[in-house]
Structures are given as C-alpha cells and as structure tokens.
Number of protein chains: 2
Amino acid sequence: MKYQDDPFKGNFDSLEEFADRISDLLQCPITIEDANHRLIAYSAHDDYTDPARTATIISRRVPEKVINSLWKKGVIPALLSSQEPLRIETISEVGLGNRVAVSIWKNQEVIGFIWALETDRTLSKDDLELLKKAAKAAKNKVLQLYMRKNKREERVQEFFWKLLTGHITANEEIKENFDFLQIPTAPLFSVFVFRFANDITSDIEKQISYILQTTQQIQVLLYTVDRSDFILLAAPKSTRQPLAECSQFIASFATKMKERFHIANIQSSFGGIYETFEYIEKSYKEALTVLSMKEKFPAQTASIYGYQQLGIYQFFDLLLEKKRQGELTNSTLAKLQAYDEKHHTNLIETFEVFFDHDSNVNETAKALNIHPNTLSYRLKRIAEIGEIDLHDMNQKVKLYIDIKLAKYEASH
Amino acid sequence: MKYQDDPFKGNFDSLEEFADRISDLLQCPITIEDANHRLIAYSAHDDYTDPARTATIISRRVPEKVINSLWKKGVIPALLSSQEPLRIETISEVGLGNRVAVSIWKNQEVIGFIWALETDRTLSKDDLELLKKAAKAAKNKVLQLYMRKNKREERVQEFFWKLLTGHITANEEIKENFDFLQIPTAPLFSVFVFRFANDITSDIEKQISYILQTTQQIQVLLYTVDRSDFILLAAPKSTRQPLAECSQFIASFATKMKERFHIANIQSSFGGIYETFEYIEKSYKEALTVLSMKEKFPAQTASIYGYQQLGIYQFFDLLLEKKRQGELTNSTLAKLQAYDEKHHTNLIETFEVFFDHDSNVNETAKALNIHPNTLSYRLKRIAEIGEIDLHDMNQKVKLYIDIKLAKYEASH
DNA sequence: ATTAGTTTTGTGGATTTCCACAAAATGAAG
DNA sequence: CTTCATTTTGTGGAAATCCACAAAACTAAT
C-alpha cells in the first residue's frame with residue numbers, strides 16, 4: 001500500500017498545514033474553499049499553478065467567471081450531488097487547467113471543496129480515493145471555521161437590523177461598528193430587497209448567499225432575511241455609473257437564481273444610492289416603496305428596479321390622496337374620457353402610450369398597431385377635443401400623470 | 001326762436017316717451033344709453049336707422065366692435081371729458097352713419113349718452129343746444145334707473161359673496177337665487193380674478209365694469225371687488241373651446257384696461273370651468289391658486305391664466321413640502337448640479353429649457369443661443385453624467401419637476 | 001340603404017432630427 | 001507655454017417627422 005491507512009489522522013494546527021499535507025501526498029497544488037468558493041487554505045510550496053488558482057489566491061475567492069463556467073459545464077452541480085472526486089478538463093477561456101475536485105460534506109450538506117491541480121502528473125485511482133479521505137478529514141476543521149463565522153454573523157445581523165430600522169443614527173457609532181465587525185466599507189451603497197414568492201427557507205437563504213458571495217459585480221456588505229424578503233446592503237464597484245451597475249446586478253441575480261436553483265418570480269428593487277451610512281434606513285424604505293409600486297403598476301414598472309428610476313411614481317401616493325379629496329381635476333382628461341366613452345375611441349390610451357414611448361411616433365404606432373398617420377390624426381383630435389396644447393410640456397405632463405392616477409383608481 | 005325755453009319741462013312717464021319727444025323736436029332717430037352703453041330707451045317712429053342702431057336695439061347694448069371703433073377714433077374719451085354735443089362722421093366699417101352725441105352728467109360723472117342720427121337732415125347749432133338741454137333733463141330719469149339698479153346690485157353682491165365663500169352649496173337654492181335676481185345662467189362658467197397693483201377705487205371699478213359691460217367675448221354673470229382683486233363670474237360663449245375663449249378674454253381685457261384707462265400690471269387668472277354652480281367656490285379658489293403660482297413663478301407662468309393650464313404647478317406646493325421633509329431627492333439632479341458647479345457648465349439649464357420647449361432641438365438651441373449640435377452634445381453628457389435615460393419620459397418628468405422645485409427653493 | 005361625419009390608411013415632399021466625424025475653441029493643470 | 005480633456009461649431013447623409021391631400025373604411029344615424 002502506497003499510503004498508510006489514514007494519512008490525515010494527526011492533528012493539524014491549521015487548514016494550511018492540512019493543505020500542505022495533501023499536496024505532499026498527491027504531489028500537486030491543493031486549494032480548499034468553503035461552500036461559497038471563498039478561499040480557506042492553499043498549499044504553499046508548489047512550483048506551478050494555473051491562472052485561475054493564482055487569481056483565487058490573490059483575491060481570496062474564486063473569480064466569478066470561473067464559477068460561472070463551472071456551473072455551465074455542470075461541475076458544481078455534480079459536486080453538490082456526489083461525494084466522489086470529479087475530474088475536470090482544462091477550460092482555457094478562464095485559465096483553468098486540468099484538476100480534480102471533491103466536495104466536503106456535513107450530513108446532507110456541502111460545506112466546502114478541495115481542488116487538486118494536475119500540473120505534473122495525472123492522479124491515479126488511489127490518489128482519488130485519498131482525496132476523498134482528505135475531504136472527510138477536512139470536515140471538522142471547516143466546521144470550526146463556520147462556527148466562528150456564525151458567532152460573528154449573529155452580531156452582524158443584529159447590527160444590520162438596527163441600521164435598517166434607524167436605531168443607530170450617529171455616523172460615528174455606525175462607523176465604529178463597521179470597523180469592529182470587520183465589515184468592509186464603500187464610498188457608495190444602496191439597500192436591495194429581493195422579494196420571493198414564499199417565505200425564505202434556510203435552504204434558499206444559503207443559495208442566495210452563495211450567489212452573493214460569488215458575485216463580483218457588486219460588493220456585498222451586509223444581508224439578512226425578513227420573511228419573504230431578502231435584504232442586502234451592497235456597494236457598486238465604480239462611482240461613475242452606480243445606477244447601471246445596481247440594475248445589472250439585479251438582472252443577473254434573477255438570472256442566476258433561475259438558472260441555478262430554478263427559483264423565479266423574484267421581485268427585486270434597490271433604494272437610493274448614498275454616501276453616508278445614516279441613509280441606510282432611507283434606502284431600505286425606498287427599496288420597499290419600489291416594490292409596492294411595482295405591485296400596483298406591474299406593467300409600467302416592469303423594467304424599474306431602482307428608486308431613482310421610479311420617477312413620478314415616487315410621489316404617486318401623495319397625488320392620489322389629493323385626487324381623492326376632489327382636487328386635481330383635469331378637464332382635458334374628462335373631455336377625452338367622455339369622447340372615448342361615447343365614440344368608442346382610444347384617445348386616452350393613445351396619448352398615454354405615446355408619452356410612454358417618449359413621443360416617438362413610429363414606436364407608438366407599432367405599440368398600438370396603427371398607422372403612424374393614424375397616430376398623428378388622433379393627436380390632432382386629442383388637442384382639439386381636450387383643448388390641450390400638445391407643444392406645452394407642462395400640460396402634457398399633467399395630463400399624463402392624471403391618466404396614470406385615473407387608471408390606478410379605476411383598477412383599485 | 002324756433003323752440004320754446006325748455007321743451008323738456010313736462011313730466012314724462014318713461015324715458016321712451018322722453019326719447020320720442022327729442023326725436024320729434026330734432027326730426028331724427030334718438031337713442032339713450034347708460035354709461036356702459038346699455039340701451040335705456042330709443043325713439044320709436046323713425047323710418048330709417050343705420051345698422052349700428054338696429055344692432056344696438058336688438059341686443060339692448062351697443063355692439064362691441066362699434067364701441068371699440070368709437071374709442072379708437074377718440075369719440076368716447078371726448079364725450080367723457082366734455083358736456084358739449086359732438087358730431088361723429090360716418091364709420092362705415094361698423095355700420096355707423098353720421099350722428100351727434102352728448103353725454104349725460106351727474107356732478108363730475110358721466111351716467112349716460114344720447115345719440116341723434118342725422119339721417120335726413122344735419123342738425124343746426126340750435127339743434128345741438130337743444131340736445132344739450134335734453135341731456136340735462138334726462139339726468140334725473142337716468143339716475144332713478146341707477147338707483148333701482150343699485151338696490152338690486154346690493155342683493156346680488158351679497159349673493160355672490162355667499163357663492164364665493166361656499167355659504168350656499170345646495171344647487172337648488174343657488175338656482176332659485178339666480179332666477180329671483182334675474183341673473184342670466186349659462187351651461188359653463190368660471191371665476192376670474194384680476195389683481196391690480198393697488199386697492200381698487202370706485203373709479204377703477206367703474207372702468208372695469210364699463211369694459212365688462214361692453215365686452216361680448218364672454219357673458220358676464222356676476223362680479224365684485226375685494227381690495228385689489230376684481231372677481232368675476234363669467235361664462236364662455238361656446239362650449240367647444242371654452243378655455244381658449246377665457247384666455248382670449250383675459251388678454252383683451254388687459255389690453256383694453258391699458259389702452260383706454262392706462263392701467264397696466266394686472267395679474268389675471270381664472271379657475272376651472274364647471275357646469276354646476278356648487279363649483280363656484282372651487283373655481284374661485286383655483287383662480288387664486290393660479291395668481292399665487294404666478295407670483296412664485298413669474299417667468300414660467302407668464303402665459304398661463306387658467307387653472308387648467310397650470311399643469312404640474314397645481315400640485316407644486318405638495319411636492320415642495322415633501323421635498324422639505326428630505327424626500328424626493330434626485331441623484332441625477334445632484335450629479336448634474338455638482339458637475340455644473342465644478343465645470344461651470346449649464347447642463348441643468350439646458351435640460352430645463354429643452355423640456356420647456358417640448359424637446360424641440362432647434363427652438364431650444366435658439367433660446368440658449370447655442371448650436372443645435374452643442375445641444376445634442378450636452379444632452380448626451382446629461383445622460384452620461386446624470387445616469388438618466390433620456391428616452392424614459394418618466395425619469396425626464398421627474399428630473400424636470402425636481403429642477404423646478406430646486407429652482408424655487410434656491411430663490412426663496 | 002343612404003348619407004354625413006369620423007376615422008384609418010396611403011402617398012409624396014419639405015423639413016427636421018439624428019449621428020458620425022472632424023476641426024476649432026476653450027480651459028484647467030502641470 | 002504646453003498639453004490634454006472638454007466643449008463648441010461645422011458638414012453631410014441617412015432616417016424620421018410633419019403636413020397636406022385623398023381615398024377608403026367605418027359608424028351612427030335617418
């Protein structure tokens with residue numbers, strides 16, 4: 001027998017030592033990650049490592065594109081469903097050389113991975129068996145790590161909730177807590193809310209957490225769960241186009257949840273993007289506002305995620321209330337409504353769609369399935385019947401808002 | 001001596017009889033009007049009368065175009081400043097033949113006019129002297145008429161104030177009063193407010209009243225004075241384009257006040273146009289709102305008179321309040337402001353003017369004195385720097401409103 | 001069924017917008 | 001003063017808009 005019965009019996013001071021031990025035995029570079037692909041340990045005295053491993057060690061996490069690639073090739077799903085070591089062929093696009101991987105299990109759950117690079121030699125069947133044993137042996141060490149993390153996690157959670165509910169408002173105090181709990185800080189941040197169809201189980205929470213930990217589109221600062229809401233404090237990477245980054249992140253989050261875990265129908269939003277931490281509560285509330293408006297106006301707000309993009313819907317409830325008090329009557333709207341009613345025309349819808357399409361004749365005509373000239377005729381009629389000057393943006397805006405208000409009231 | 005000393009010494013039952021008497025003596029058709037050119041009496045047994053007189057008798061008031069013409073020719077001003085009879089040459093454009101006019105005075109005030117048509121014969125110097133005597137003799141009769149009017153006027157005033165302040169709300173009761181006080185009714189009406197630079201003296205009130213009585217653009221129902229405000233309940237003639245009529249009326253009112261009485265700087269407005277009388281109070285309040293917004297936004301609202309045209313300014317105060325509570329922040333605006341500040345650019349102004357000009361590139365460029373391409377370059381920069389999608393009308397509207405809000409706050 | 005009024009679609013041409021590209025002009029930083 | 005980035009202005013061609021006019025389709029009455 002090449003190896004002794006249990007080569008991992010001894011007590012290791014750290015997981016680094018453990019990694020070195022495996023590396024010695026298998027004669028290849030070893031990397032140990034947690035379930036979220038964060039680096040736990042790696043073997044030190046290796047001559048050659050491929051670009052993927054280098055990047056992983058430098059940033060202490062596996063690069064997102066590597067993870068994406070592994071998901072697409074079915075590697076991760078396979079590791080998540082079997083305790084057997086798995087050989088992965090070179091994926092040169094992401095700088096990944098030949099390697100073998102095995103997952104570390106605790107009961108029915110994967111809590112980490114061990115990667116062995118096949119740089120000089122290809123591992124034998126025995127080697128794979130050994131790797132499997134190593135995975136079993138790593139379990140306890142990794143678990144300890146999780147336990148330490150969990151204790152910290154509890155304090156972090158409590159702190160986050162205080163922030164979200166506005167129970168800590170002094171900027172100094174907030175900063176101290178960030179430092180103490182070793183939460184990274186960022187120049188800009190926003191609160192995201194992902195609302196799921198049902199209450200979030202711990203399984204789902206882990207899946208979300210997995211996606212967040214592996215994404216590099218955005219910097220994750222804090223997150224927590226509130227029934228069916230997953231609440232996240234995160235920071236865009238750049239300060240130049242933060243809004244775009246946040247929107248893209250939401251889109252890709254939804255895609256990943258669907259592709260990887262088959263969870264769809266997530267309503268997502270984020271609040272204002274701010275610089276100082278006092279605004280966390282505000283950003284959270286704004287994110288909730290976005291969700292509630294998305295519920296009220298599914299069609300209009302389908303492509304809206306950020307509070308900023310809510311536009312006029314930000315003060316919609318205010319106007320609605322005023323309207324309910326009998327204010328804000330609009331004679332143009334009344335006349336058009338009367339005309340539509342009497343002659344079975346679509347003047348109001350026409351105007352609304354036209355405005356929604358940025359006064360673009362062609363797009364609007366397509367959206368309404370009418371000839372462009374028909375549109376222009378209708379607009380002429382709208383101006384006549386509604387006594388509105390269609391070159392007066394002020395009046396047009398008012399009419400547009402009043403239409404949206406009326407529409408909402410009619411449907412509720 | 002052709003005539004006896006005082007041919008008008010006798011007692012006349014009515015002013016009609018009086019008119020006939022003058023007609024007999026001068027051998028020509030006679031018309032008597034009050035100070036506002038409303039028909040009081042006319043001689044009956046005349047063969048020929050010119051079109052202007054016919055129209056006057058039919059509608060019981062002198063046609064507006066005739067009055068306008070007489071003002072332009074200086075006839076009315078002359079009659080208002082002298083007690084002497086005045087000969088007026090034919091003004092064929094308005095169907096006015098040769099005639100002589102004299103004003104009826106009470107103390108320093110003109111209370112009416114007598115017109116003598118020179119159909120068959122031209123009046124001699126003696127005839128003119130007689131006409132002057134007739135004017136003096138008419139004084140008491142006309143005064144009695146005014147007295148009767150004044151009594152009614154008092155009741156009408158009280159009623160109008162009750163309407164304006166919402167002290168009569170039952171439609172039935174309102175209708176009864178309209179009937180009882182013989183106020184004409186109309187299918188549509190609105191409350192107008194003309195705000196003068198100073199408190200309205202009874203002289204000015206008479207001048208306003210004069211213009212109102214002689215205008216035929218709009219049907220005057222009721223009016224009253226409140227310090228520097230002249231408040232008017234009036235009805236547009238047509239039901240198809242009531243807004244346009246009301247606006248035109250305001251414009252022409254201002255012109256006439258300036259041309260005829262040299263009173264400028266009148267702030268004018270009208271409220272919503274309604275069908276039922278319960279809305280008089282509302283319309284009045286709306287007219288006041290328009291005035292207050294015109295005070296706050298002189299430039300933006302210069303061409304706005306109707307509440308309907310106020311557009312977004314209808315709910316401006318509401319938004320302002322919300323903004324003051326720290327809501328409605330707009331990161332796009334903030335970024336643009338910062339950029340403008342730092343680089344001495346005009347991105348915000350550019351957007352505002354562009355939107356004010358209905359997104360018309362050429363007009364906006366002219367208004368800003370820049371090349372159209374410069375405008376489009378700036379818009380591109382606005383989209384980049386402000387992270388705003390300029391095809392998204394919703395966001396544009398929000399930014400536009402936020403700019404107006406910020407502008408207002410900066411200047412107050 | 002006919003008719004009058006309204007609405008829709010089509011055609012063509014003048015005007016305007018949009019966009020890419022490039023040359024000036026400007027202005028701030030070294 | 002030079003340099004570099006930004007802004008402004010200019011040119012030209014493709015695309016879109018606007019507008020007038022007219023035929024066709026549709027609707028609501030008589």
Side-chain angles (χ1 to χ4, degrees), chain A residues 238-241 332-393 395-397 400 403, chain B residues 238-241 332-393 395-396 400:
Chain A
S238 89
T239 50
R240 288 184 60 92
Q241 309 266 301
T332 297
L333 179 56
K335 283 175 200 156
L336 293 178
Q337 270 170 337
Y339 196 90
D340 273 353
E341 177 90 6
K342 192 169 177 189
H343 298 88
H344 312 292
T345 47
N346 302 306
L347 299 183
I348 291 176
E349 187 200 6
T350 301
F351 180 86
E352 186 190 358
V353 175
F354 183 61
F355 214 71
D356 273 333
H357 286 81
D358 195 31
S359 305
N360 182 308
V361 174
N362 268 319
E363 278 183 34
T364 311
K366 265 179 214 156
L368 290 169
N369 286 316
I370 57 174
H371 193 278
N373 283 0
T374 304
L375 174 59
S376 85
Y377 170 76
R378 286 192 189 168
L379 290 173
K380 205 187 73 186
R381 295 292 285 148
I382 288 170
E384 289 169 2
I385 295 165
E387 270 209 290
I388 182 173
D389 176 4
L390 289 184
H391 297 294
D392 183 342
M393 190 53 90
Q395 282 187 65
K396 283 197 286 186
V397 167
Y400 179 69
I403 288 177
Chain B
S238 89
T239 51
R240 288 183 58 91
Q241 310 266 298
T332 298
L333 179 56
K335 284 175 201 156
L336 293 178
Q337 270 170 336
Y339 195 90
D340 273 355
E341 176 91 5
K342 191 169 177 187
H343 298 88
H344 311 292
T345 47
N346 303 306
L347 298 184
I348 292 176
E349 186 200 7
T350 301
F351 179 86
E352 185 190 0
V353 175
F354 182 62
F355 213 72
D356 273 332
H357 286 80
D358 194 32
S359 307
N360 183 308
V361 175
N362 268 321
E363 278 184 33
T364 310
K366 266 180 212 156
L368 290 169
N369 285 315
I370 56 173
H371 193 278
N373 284 0
T374 304
L375 174 59
S376 84
Y377 171 76
R378 286 191 188 169
L379 290 173
K380 205 187 73 185
R381 294 293 285 147
I382 288 169
E384 289 169 1
I385 295 165
E387 270 207 290
I388 182 174
D389 177 4
L390 289 183
H391 298 294
D392 183 343
M393 189 54 92
Q395 283 188 63
K396 284 197 286 186
Y400 179 70

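As a basis for the values below, the full set of heavy atoms in this structure was taken, side chains included, without hydrogen atoms, waters or symmetry mates. Keep in mind the model is a prediction, meaning the values are calculated, not measured. Chain A is the first sequence line, chain B the second, and so forth, proteins listed ahead of strands; every chain is numbered from 1.
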Can you check whether B:Tyr377 has a side-chain N or O nearer than 4.0 Å to OP1 or OP2 of D:dT8? no
What is the separation between atom CZ on A:Phe354 and atom C1' on D:dA16, rounded to the nearest whole Å? 12 Å
Salt bridge (charged side-chain N to carboxylate O under 4.0 Å, His left out) contacts touching residues 358-371 of chain B (sequence neighbours left out): A:Lys396-B:Asp358
Contact summary for A:Asn360 and A:Thr364, nearest pair of heavy atoms: O-OG1, 2.5 Å
If only side-chain N and O atoms of A:Asn360 are considered, is one of them under 4.0 Å from the OP1 or OP2 phosphate oxygen of D:dT17? yes
Residue pairs involving residues 375-390 of chain A (criterion side chain to side chain donor-acceptor pair (under 3.5 Å); sequence neighbours excluded): A:Lys335-A:Glu387, A:Tyr339-A:Arg381, A:Thr350-A:Arg378, A:Arg381-A:Glu384
Min and max contacting nt of DNA chain C in 5' to 3' order, chain A heavy atoms within under 4.0 angstrom, are C:dT6 to C:dT11
Has B:Tyr339 got a side-chain N or O lying under 4.0 Å from the OP1 or OP2 atom of D:dT7? yes
For B:His344, report the nucleic acid contact type (base, sugar-phosphate, nothing); a contact means any heavy atom under 4.0 Å. sugar-phosphate
Of A:Glu363 and B:Thr345, the one whose closest DNA chain D nucleotide lies more 5': B:Thr345
Under a 4.5 Å cut-off applied to non-hydrogen side-chain atoms, are B:Tyr400 and B:Asp356 in contact? yes
Taking side chain as C-beta onward, heavy atoms only, is A:Ile388 less than 4.5 Å from A:Asp392? no
